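In what follows, chains carry the letters A, B, and so on, assigned in the order in which the sequence lines appear, proteins first and then strands, with residues in each chain numbered from 1. Any value given below was found using the heavy atoms of this structure, including those in side chains, with hydrogens, waters and symmetry copies removed. Here the structure is a predicted model, which means the values were calculated and not measured.
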Amino acid sequence: MKNHLKTAALAVLFSAVAGAASAAGLDETINDLFSQYTGWYVALIFANLPGTNFSWIALWLVVAAVVFTIYFAGIQFKGFRHSISLVKGDYSDPEDAGEVSHFQALATALSGTVGLGNIAGVAVAVGIGGPGATFWMILAGLLGMATKFTECTLGVKYRNEYPDGSVSGGAMYYITKGFKERGIPGGPILAVLFCIFTILSSFGGGNMFQSNQAHAQLANILGDYPGWITGLVLAIITFMVIVGGIKSIAQVTEKVVPFMGVFYVGVSLIIIAMNYDMIGYAFGRIFEGAFTGLGIAGGFTGALIQGFRRAAFSNEAGVGSAAIAHSAVKTKEPITEGYVALLEPFIDTVVICTMTALVIVITGMLQEDPSTGLYVWNAEAGRIATQGDVSGVALTSAAFASAFSWFPYLLAIAVVLFAFSTMISWSYYGLKAWTYLFGENKTSEVIYKVIFCLFIIIGAAANLGPVIDFADAMLFSMAVVNVIALYLLMPIVKNELSYYLARLRSGEIKKFK
Amino acid sequence: MTKEIIVVAYESDDDSKTVLAYAIDRASKSGAALHIVHVLEWSPYSFLTPQEVEERHGRRKQEMARAQEAILTPALAQCTAAGVEATAEIRYGQVVELILEITRAKGARMICVGRSGSNSMASRVFGSVPLGLAQSAPVPTVIVP
């Protein structure tokens with residue numbers, strides 16, 4: 001039965017690809033369909049506040065991050081050291097060895113967020129919003145830590161534990177259980193909405209955006225070739241992992257990706273050190289651009305929106321996805337996972353994204369008008385003119401290549417691996433939402449997984465614009481639902497926090513190391 | 001007076017005829033008791049996929065049950081048959097670190113460990129369990145061939 005299902009699934013995948021490959025101008029067809037069917041929704045999500053050019057959704061997330069930062073009295077700054085000692089295992093009971101540690105929960109969640117947003121997304125943000133976008137991105141990252149703290153604490157508190165020892169958690173669980181506990185109506189409806197957005201998001205940002213940028217990077221190295229080829233290869237490998245259950249591929253990726261991340265930061269630091277005389281200039285441009293815009297379209301609000309958008313898209317604070325990954329940790333105190341999770345936006349945005357932005361600015365990839373000190377605006381492309389006229393991941397690649405000519409090859413590998421690990425994580429998030437809606441049975445799980453693989457091909461074949469917009473729109477829709485729930489449930493987190501802190505002070509919660 | 005304790009680092013039932021047989025022999029001659037330790041290699045800093053994270057708690061239960069049934073129960077039976085008093089435990093973590101920790105905690109007088117695995121390339125580079133124990137054990141360590 002199981003094998004029949006797999007064979008049938010594989011047949012669907014291949015016939016879809018064969019059909020797709022034979023159709024001429026597939027890329028364009030997909031693009032047209034994309035803009036036609038998703039355009040209105042994208043426009044709604046990114047609609048500006050009346051009379052301004054500031055989108056309501058960016059404000060929504062930033063306000064949430066500010067509210068949580070104030071409500072928990074700057075937990076991300078005051079609790080930072082405690083977070084580190086939790087991750088180091090200082091408070092882990094040795095009796096629990098062999099269970100999921102705080103470090104592992106964090107690393108798994110990070111492999112879902114550290115990805116192309118950090119490499120390609122930042123390049124897009126800096127390309128459109130100028131260096132000033134970096135400032136707003138870092139600020140949004142720091143504030144977002146409080147949001148992540150809130151959602152991951154709830155994720156652990158309201159997770160489902162099954163008799164076989166497996167655990168399911170995430171926003172859909174805290175929405176239903178938490179609302180019920182507090183007597184707030186509407187929980188089941190919101191949870192279903194959240195799941196629908198999560199599934200669509202798993203096809204968008206967690207999938208199409210990834211395969212799209214992986215293809216862009218490969219085409220950049222190997223020369224132009226049709227996107228569906230990259231898509232097909234990625235889809236087959238993903239299919240082998242998520243349907244075929246070939247764990248070794250996923251395990252290799254999970255092990256290589258963290259090293260790639262560390263290596264990426266290392267190389268960035270070397271490039272920054274090599275251009276040490278430019279560090280002052282780069283920070284000057286970042287601060288100046290944050291408030292004046294330096295000639296980019298939309299002025300400083302353009303920089304602000306791009307920065308906020310990228311931070312949110314990259315670290316996913318407020319989106320509710322990380323709560324799914326964090327919920328399996330072994331801990332008696334849900335709040336400890338909140339502490340650990342707040343490191344996620346820090347590592348993802350404040351460290352890794354900032355590195356990308358600094359390298360692009362410091363290597364002088366963005367063209368300036370020497371007479372005015374403003375950036376040269378390429379109105380046709382809707383972004384700052386760059387050396388070699390590149391954008392997205394190609395811009396990051398070119399910036400690194402200006403210091404190390406071999407880097408684009410390594411970046412291509414890193415991008416494909418990051419893309420792959422993010423897709424694996426998101427296929428899991430999407431599947432959790434899918435089974436929440438349709439129940440846990442093999443057939444429905446395989447159906448989801450096959451659809452997931454098909455979207456990998458579509459993503460690689462479509463152009464950058466419509467894919468990124470659709471991806472962002474779905475992700476932010478999750479955030480709309482999730483943040484409402486977080487507002488309503490934050491008193492529960494506050495109680496947990498004060499109870500925990502009291503016991504930490506009294507010594508009832510002890511250090512084991 | 002309480003009995004002397006010998007800690008036995010017990011990897012698999014391959015050790016039953018060598019390490020355990022030796023330890024039983026020593027214990028019955030000196031009237032000591034055995035404490036058999038089986039360690040499942042584990043690092044809290046390894047990387048897991050989301051699927052593995054979800055299944056980890058269940059897997060751990062299965063692994064412990066399997067180790068208890070296939071490894072420790074027969075080992076304890078072997079001790080009982082030989083008339084030697086013995087206890088056993090399963091732990092997760094680094095073998096050398098845990099054996100040393102347990103030795104100290106129990107105030108054991110000796111460690112017995114098998115030579116198995118010490119010929120592999122990896123153990124030559126990174127150091128094997130028996131050599132690691134021999135180097136840092138606070139008590140005499142017998143490496144049984």
Give every donor-acceptor pair under 3.5 Å between a side-chain atom in residues 33-40 of chain B and any protein atom, sequence neighbours left out.
residue : atom : partner : partner atom : Å
B:His35 : ND1  : B:Thr87 : OG1          : 2.7
B:His35 : NE2  : B:Glu89 : OE2          : 2.7
B:His38 : ND1  : B:Tyr10 : O            : 2.9
B:His38 : ND1  : B:Glu11 : O            : 3.2

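- Residues of residues 432-439 of chain A that come closer than 4.5 Å to chain B, counting heavy atoms only, are A:Lys432, ordered by residue number.
- For a heavy-atom cut-off of 4.5 Å, chain B lies close to A:Phe103, A:Gln104, A:Ala107, A:Thr108 in residues 102-112 of chain A.
- Side-chain rings of A:Tyr174 and A:Tyr158 stay apart, their centers remaining 6.0 Å or farther from each other.
- Under a cutoff of 6.0 Å and an axis angle of 45°, B:Arg56 and B:Trp42 form a cation-pi pair.
- Annotation: side chain of A:Ile451 is not in contact with side chain of A:Ile199 (no heavy-atom distance under 4.5 Å).
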**Asked** Does the pair B:Glu54 and A:Tyr428 meet the rule for a side chain to side chain donor-acceptor pair (under 3.5 Å), with working shown?
**Response** CA-CA 10 Å; B:Glu54 178 188 329; A:Tyr428 179 78; 2.4 Å; yes

Counting only pairs under 3.5 Å, give me each side-chain donor-acceptor contact of residues 319-327 of chain A, with atom names and distances, residues two or more places apart or in other chains.
residue  : atom : partner  : partner atom : Å
A:Ser321 : OG   : A:Glu316 : OE1          : 2.6
A:His326 : ND1  : A:Glu337 : OE2          : 2.6
A:His326 : NE2  : A:Glu344 : OE1          : 2.6
A:Ser327 : OG   : A:Gly169 : N            : 3.4
A:Ser327 : OG   : A:Ala323 : O            : 3.4
A:Ser327 : OG   : A:Ile324 : O            : 3.0

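- Heavy atoms only, all atoms of each residue included: B:Ser28 and B:Val84 are closest at CB-CG2, 3.9 Å.
- When every heavy atom of A:Lys449 is checked against every heavy atom of A:Ile242, the shortest pair comes out as NZ-O, 2.9 Å.
- Between A:Tyr448 and A:Phe452, the two ring planes are tilted [angle within 30° to 60°].
- Contacts of A:Val329 with chain B are absent, with no heavy-atom separation under 4.5 Å from either backbone or side chain.
- Annotation: maximal heavy-atom pairing with chain A below 4.5 Å, among B:Glu52, B:Arg59, B:His57, B:Arg60, occurs at B:Arg60.
- Here A:Tyr91 and A:Tyr339 keep their ring centres 6.0 angstrom or further from each other.
- For chain B, no part of A:Glu161 is nearby; none of its heavy atoms comes within less than 4.5 Å.
- Annotation: A:Tyr162, atom OH; neighbour count of heavy atoms from other residues, nucleotides and ligands within 6.0 Å is above 12.
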